[in-house]
Amino acid sequence: MSTVTPDVAALARTLDDAALRARAVPRLTDTADLDVEAGYAVQRALVERRLARGERMAGIKLGFTSKAKMRQMGVDDLIWGRLTDAMRFPDGATVRLDRFVHPRIEPEIAFLLGRPLTGDISGEEAVAAVTAVAPAYEIIDSRYEGFRFSLPDVVADNSSSSGFGVGPWRDVRSFDLVTGLAHLGMTLEVDGRAVETGSSAAILGHPLRSITAAARLAADAGLVLEKGWVVLAGAATAAVPLEAGRHVRVNAGRLGSVDITTEEEQGR
Amino acid sequence: MTAENTRTDAVRAAADRLARAHADGVPVEPVRDLVTDVDAAYRVQDRLTHRWLGEGRRLVGRKIGLTSTAVQRQLGVDSPDFGMLFADMAVPDGAEIPAGAVLQPKAEAEIALVLGSDLTHERHTVADLFRAVAYVVPAIEVVGSRIRDWDITLADTVADNASCGLYVLGATPTPLERAGDLRTAGMIMDRRGDQVSTGTGAACLGHPLNAALWLADTLVRLGRPLLAGDTVLTGALGPMVPVTAGDVLEAHIEGLGSVRAAFAWEES
């Protein structure tokens with residue numbers, strides 16, 4: 001067993017460069033002795049490089065929020081990643097794909113926090129902290145070759161998070177979080193056709209549980225979820241490849257919808 | 001040969017020409033060389049209706065056309081027109097419409113009425129409609145022309161079943177008393193995130209029920225009144241949109257919900 005302490009700063013630079021150049025790199029664990037804790041240290045260093053370039057924290061995302069996905073990955077806890085303002089696309093945005101390596105998109109529920117949260121909080125505190133809810137999507141894009149990685153790898157890579165978009169916010173005074181999100185039908189539509197369908201219940205049994213989970217995970221990392229941050233609760237369906245020249249819509253029934261269009265490939 | 005016989009022959013010839021286009025799926029020349037006035041054009045339509053009923057098609061309602069002042073001006077008329085809806089023209093919400101099912105297709109969003117009782121008075125009132133209308137439903141009419149290049153006059157379109165192709169009804173029937181104000185109801189139709197048509201209920205003769213009144217009275221006069229169970233497509237709420245293979249159009253009408261027309265890709 002190797003006792004070499006991983007060079008967190010160097011690994012963060014490797015992943016940062018990979019993202020900036022939209023080029024995949026080999027898995028860090030191929031050459032470095034990285035556990036999950038060290039993976040999070042790399043993630044922190046990676047995002048700090050971006051904050052130093054002027055990006056600002058905008059929220060937190062949770063991953064592996066379905067039992068099926070956890071089993072598939074052989075893990076028993078969630079992973080999380082950091083969202084910055086530079087990752088956010090306006091609703092209805094048209095985006096170029098050349099900033100990504102091999103992007104995928106998945107339908108999510110987003111929460112807006114009205115007060116800071118950290119540590120072990122009750123379900124009641126979680127509900128009270130949310131001021132609005134919206135349909136959302138996340139673009140995940142592993143910086144690793146073949147979109148293949150071990151758990152420490154994906155954690156270091158900011159849990160594959162690469163972009164997100166949020167639809168119109170519904171104030172919690174006009175949308176009951178508990179009953180409204182219990183089993184909200186969600187479809188991911190590409191060019192008007194549903195390609196993935198699921199239920200909000202696929203997100204931890206109920207998307208609200210993401211708030212307590214996020215507060216706990218943030219506290220473990222010495223982080224406070226700030227007022228005004230977005231919590232991306234997790235995916236309601238499997239992710240689908242995001243291809244050029246497509247229109248993608250997350251349709252969350254009564255909650256509304258959010259759209260993104262991808263530019264045609266250059267030179268076509 | 002008498003003038004009457006000549007006119008009958010012309011009506012028969014026009015009906016034969018349009019029936020051929022319908023059967024072969026190939027557009028034909030206009031019929032205005034055979035029929036020029038509206039009465040003769042309706043006789044052509046009626047002849048086609050008899051022919052199709054004889055072939056086993058089931059009459060399930062009517063469409064109203066030329067309900068916007070802009071379109072009326074364009075064709076130099078001051079009255080709407082109507083065509084027949086047969087059961088084989090009804091497409092369920094979102095079901096794939098095969099390529100070539102409609103010749104030269106265009107789509108328009110409309111408010112559809114489903115009748116709960118007959119409308120057999122010589123002259124109807126809006127109050128009669130209140131009692132007769134069971135449901136209000138968002139709809140997309142796929143208009144098509146069996147006449148080459150949509151080269152139509154009023155006589156051509158009336159003879160050609162008012163250029164009706166297929167129609168899609170939304171699957172959310174709303175009782176009239178809960179449908180809200182149909183005059184101010186907003187309509188948007190979108191394709192891949194682009195709004196391709198927008199309008200309001202008032203675009204249809206000032207109010208969709210006005211169009212239905214005109215139809216009910218007209219059909220009694222012509223001896224084939226609207227009956228319980230009939231569907232009435234009241235007329236476009238916004239500009240019609242050309243359709244290409246693979247398109248998915250989704251129309252939302254305020255207070256009524258949404259409806260989708262999904263066009264198959266060309267067979268390769």
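Throughout, a chain's letter reflects where its sequence line sits, starting with A, and its residues are numbered from 1. Please read all numbers here as calculations on a predicted model, not as lab measurements.
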*Near A/Arg53 CZ, under 6.0 Å, is it more than 12 heavy atoms from other residues, nucleotides or ligands?*
yes
_Atom group of B/Arg191 that falls short of 4.5 Å from chain A, counting heavy atoms_ = neither
*Side chain from CB out, backbone as N, CA, C, O: work out which of these in B/Asp194 comes under 4.5 Å of a heavy atom of chain A, or both, or neither.*
neither
_Counting only heavy atoms not in B/Tyr135 (residues, nucleotides, ligands), do more than 12 fall under 6.0 Å from its OH?_
no
_Does atom CZ (B/Arg57) have a neighbourhood of more than 12 heavy atoms from anything else shown, all under 6.0 Å?_
yes
*Could you walk me through whether A/His247 and B/Val248 pass the side chain to side chain contact (heavy atoms under 4.5 Å, CB included) test, one step at a time?*
CA-CA 11 Å; A/His247 170 252; B/Val248 178; over 6 Å; no
_Test your reading of the model: is there a side-chain donor-acceptor pair from A/Arg193 to the backbone of B/Ala262, 3.5 Å cut-off?_
no
*Atom group of A/Asp191 that falls short of 4.5 Å from chain B, counting heavy atoms*: both
*asked:* Closer than 3.5 angstrom, by distance alone: can the side chain of B/Arg192 be matched with the main-chain N or O of A/Gly245 as a donor-acceptor pair?
replied: yes
_Let me confirm one number: the CZ-CD distance from B/Arg260 to A/Glu189, rounded to the nearest 0.5 Å._
4.0 Å
